[in-house]
Number of protein chains: 2
Amino acid sequence: MRLLSRSEEYVLLAVWRLQGNAYTLSILDQISEVTGYQWQIGAIYVPLEKLRKKGYLKKKKGDPTPERGGRSKFLYELTDLGRKALREIKEVQETAWAGISKITFD
Amino acid sequence: MRLLSRSEEYVLLAVWRLQGNAYTLSILDQISEVTGYQWQIGAIYVPLEKLRKKGYLKKKKGDPTPERGGRSKFLYELTDLGRKALREIKEVQETAWAGISKITFD
DNA sequence: GTATTTGTTTTATAATATTAAACAAATACA
DNA sequence: TGTATTTGTTTAATATTATAAAACAAATAC
């Protein structure tokens, strides 16, 4: 049983955080904001598709009536499996980081 | 500016945690324990060397007097740069995960 | 001096990440 | 209409990381 890759983790987290407004570009911006540097779109698209195929994300066509130009979005949302995967990686990370405090770093 | 890869992160953390007894095999065991599945040695050795080359880890020959058979270890320890890298990835992760609670998952 | 133990290093392959560009569909407005 | 603009998705080429298995090295014991 392998861990989620780092980009998979961040994509799932961004989808969770964007609640109902998660699509390729908004996910990209979310992750760039959170990590502090600009991610490229391929870094999102590939794991997105992978997560969908694994059943962690559900993809559906967005509203067909955008207010300005531009094609319609594909929105993503977490499935139960996706939530479970997040829960698991969170636990692993808490174990890995347990005990590390600011003091440790001085 | 890129993030540490996941294996780099876990190797740094293991070295920190093993304080003075961090060498390839003990790091491998630490990470396997923390993540809950058996890692292979190549998954450690490569990032170890990379972290050393980046100046995050210092490598030194272990005591030349092991008690039983077996060659002597190479011990690793964190440098200031390594501690800084850990601090940074910790901050990114705290930002990424901020607000996620048990309730969110129910 | 050779078997056993402990540990490091290499190599081949698979999976992920990165970058850049191509492609698609919607609106606006001449 | 029809073409420019905007917003968004998808593909493709390359580089970097991860995985697995095996080879290599150095120490002790007897």
Side-chain angles (χ1 to χ4, degrees), chain A residues 1-12 14-15 18 21-32 35 37-54 56-57 59-76 85 89 92, chain B residues 1-12 14-15 18 21-32 34-54 56-57 59-76 85 89 92:
Chain A
M1 175 253 187
R2 283 197 218 77
L3 301 177
L4 289 178
S5 75
R6 196 186 279 304
S7 61
E8 287 177 318
E9 172 190 332
Y10 282 3
V11 166
L12 282 186
V15 169
L18 288 164
N21 191 37
Y23 63 103
T24 318
L25 294 181
S26 64
I27 293 168
L28 188 67
D29 290 346
Q30 243 291 306
I31 297 182
S32 299
T35 60
Y37 70 98
Q38 186 61 46
W39 286 44
Q40 300 303 314
I41 192 160
I44 298 305
Y45 184 78
V46 176
L48 257 179
E49 272 306 288
K50 227 188 140 203
L51 289 166
R52 189 184 60 74
K53 277 176 196 153
K54 287 204 270 188
Y56 293 174
L57 290 178
K59 179 182 187 179
K60 60 176 185 186
K61 202 155 196 323
D63 280 354
T65 52
E67 294 179 347
R68 288 196 59 78
R71 69 188 289 188
S72 48
K73 308 161 167 67
F74 282 99
L75 296 169
Y76 293 89
I89 189 86
V92 169
Chain B
M1 174 252 188
R2 282 197 220 74
L3 300 178
L4 289 178
S5 75
R6 199 188 275 307
S7 60
E8 287 176 318
E9 172 189 334
Y10 282 3
V11 166
L12 283 186
V15 170
L18 289 164
N21 191 37
Y23 63 103
T24 318
L25 293 181
S26 65
I27 294 169
L28 188 68
D29 290 346
Q30 241 292 305
I31 297 182
S32 299
V34 157
T35 61
Y37 69 98
Q38 186 61 46
W39 287 44
Q40 299 304 313
I41 192 162
I44 298 305
Y45 184 77
V46 176
L48 257 180
E49 272 306 287
K50 226 189 140 202
L51 290 166
R52 189 184 60 73
K53 278 177 197 153
K54 288 204 270 188
Y56 293 174
L57 291 179
K59 179 181 187 178
K60 60 177 186 186
K61 204 155 195 323
D63 280 354
T65 53
E67 294 178 346
R68 288 196 59 77
R71 69 187 289 187
S72 48
K73 308 163 169 66
F74 282 98
L75 296 169
Y76 293 89
I89 188 86
V92 168

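Since this is a predicted model, take the numbers as computed values, not measurements. The sequence lines fix the lettering, A, B, ..., with proteins before strands; numbering per chain opens at 1.
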For [N], does OP1 or OP2 lie under 4.0 Å from any side-chain N or O of [X]?
{"X": "B:Lys73", "N": "C:dT5", "answer": "no"}
{"X": "B:Tyr45", "N": "C:dT9", "answer": "yes"}
{"X": "B:Tyr23", "N": "C:dT8", "answer": "no"}
{"X": "B:Ser5", "N": "C:dT16", "answer": "no"}

Measuring only between side-chain heavy atoms, which start at C-beta, is [X] closer than 4.5 Å to [Y]?
{"X": "B:Tyr56", "Y": "B:Leu4", "value": "yes"}
{"X": "A:Tyr37", "Y": "B:Leu3", "value": "yes"}
{"X": "B:Val11", "Y": "B:Lys50", "value": "no"}
{"X": "B:Lys60", "Y": "B:Phe74", "value": "no"}

- [ ] Would you mind telling me which of C:dA17, C:dG7, C:dA15 lies closest to the side-chain atoms of A:Lys50?
- [x]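 Output: C:dA15.
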
Please report the distance, rounded to the nearest Å, between [atom1] in [X] and [atom2] in [N].
{"X": "A:Phe74", "N": "D:dT11", "atom1": "CZ", "atom2": "P", "answer": "11 Å"}
{"X": "B:Leu3", "N": "D:dT17", "atom1": "CG", "atom2": "P", "answer": "12 Å"}
{"X": "B:Glu49", "N": "C:dT10", "atom1": "CD", "atom2": "P", "answer": "8 Å"}
{"X": "B:Leu48", "N": "C:dT8", "atom1": "CG", "atom2": "P", "answer": "9 Å"}
{"X": "A:Leu28", "N": "D:dT10", "atom1": "CG", "atom2": "C1'", "answer": "14 Å"}
{"X": "B:Leu75", "N": "C:dT6", "atom1": "CG", "atom2": "P", "answer": "17 Å"}
{"X": "A:Ile27", "N": "D:dT9", "atom1": "CD1", "atom2": "C1'", "answer": "12 Å"}
{"X": "A:Lys53", "N": "C:dT16", "atom1": "NZ", "atom2": "C1'", "answer": "14 Å"}

Open item on the list: Any side-chain to backbone donor/acceptor pair from B:Ser7 onto B:Pro47? Under 3.5 Å, distance only.
Closed with: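 Not confirmed, B:Ser7 side chain does not pair with B:Pro47 backbone.
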
What are the two closest non-hydrogen atoms of [X] and [Y], and how far apart are they?
{"X": "B:Leu28", "Y": "B:Ile44", "answer": "CD1-CG1, 3.2 Å"}
{"X": "A:Gly62", "Y": "A:Leu75", "answer": "CA-CD1, 4.0 Å"}
{"X": "A:Tyr23", "Y": "A:Tyr76", "answer": "CA-CD1, 4.2 Å"}

Open item on the list: Quick test of your reading: applying salt bridge (Lys or Arg N to Asp or Glu O under 4.0 Å), list the pairs with at least one residue in residues 37-47 of chain B, sequence neighbours left out, ordered by first then second residue.
Closed with: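 Salt bridge (Lys or Arg N to Asp or Glu O under 4.0 Å) check on residues 37-47 of chain B returns no pairs.
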
Open item on the list: Base contacts versus sugar-phosphate-only contacts with protein, heavy atoms under 4.0 Å: please encode nucleotides 19-26 of chain D as B, S and - from 5' to 3'.
Closed with: BBBB--BB

Task: Stems formed with participation of DNA chain D [Watson-Crick or G-U wobble, under 3.5 Å, three or more pairs] - done: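 Stems found: C:1-30 with D:1-30.
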
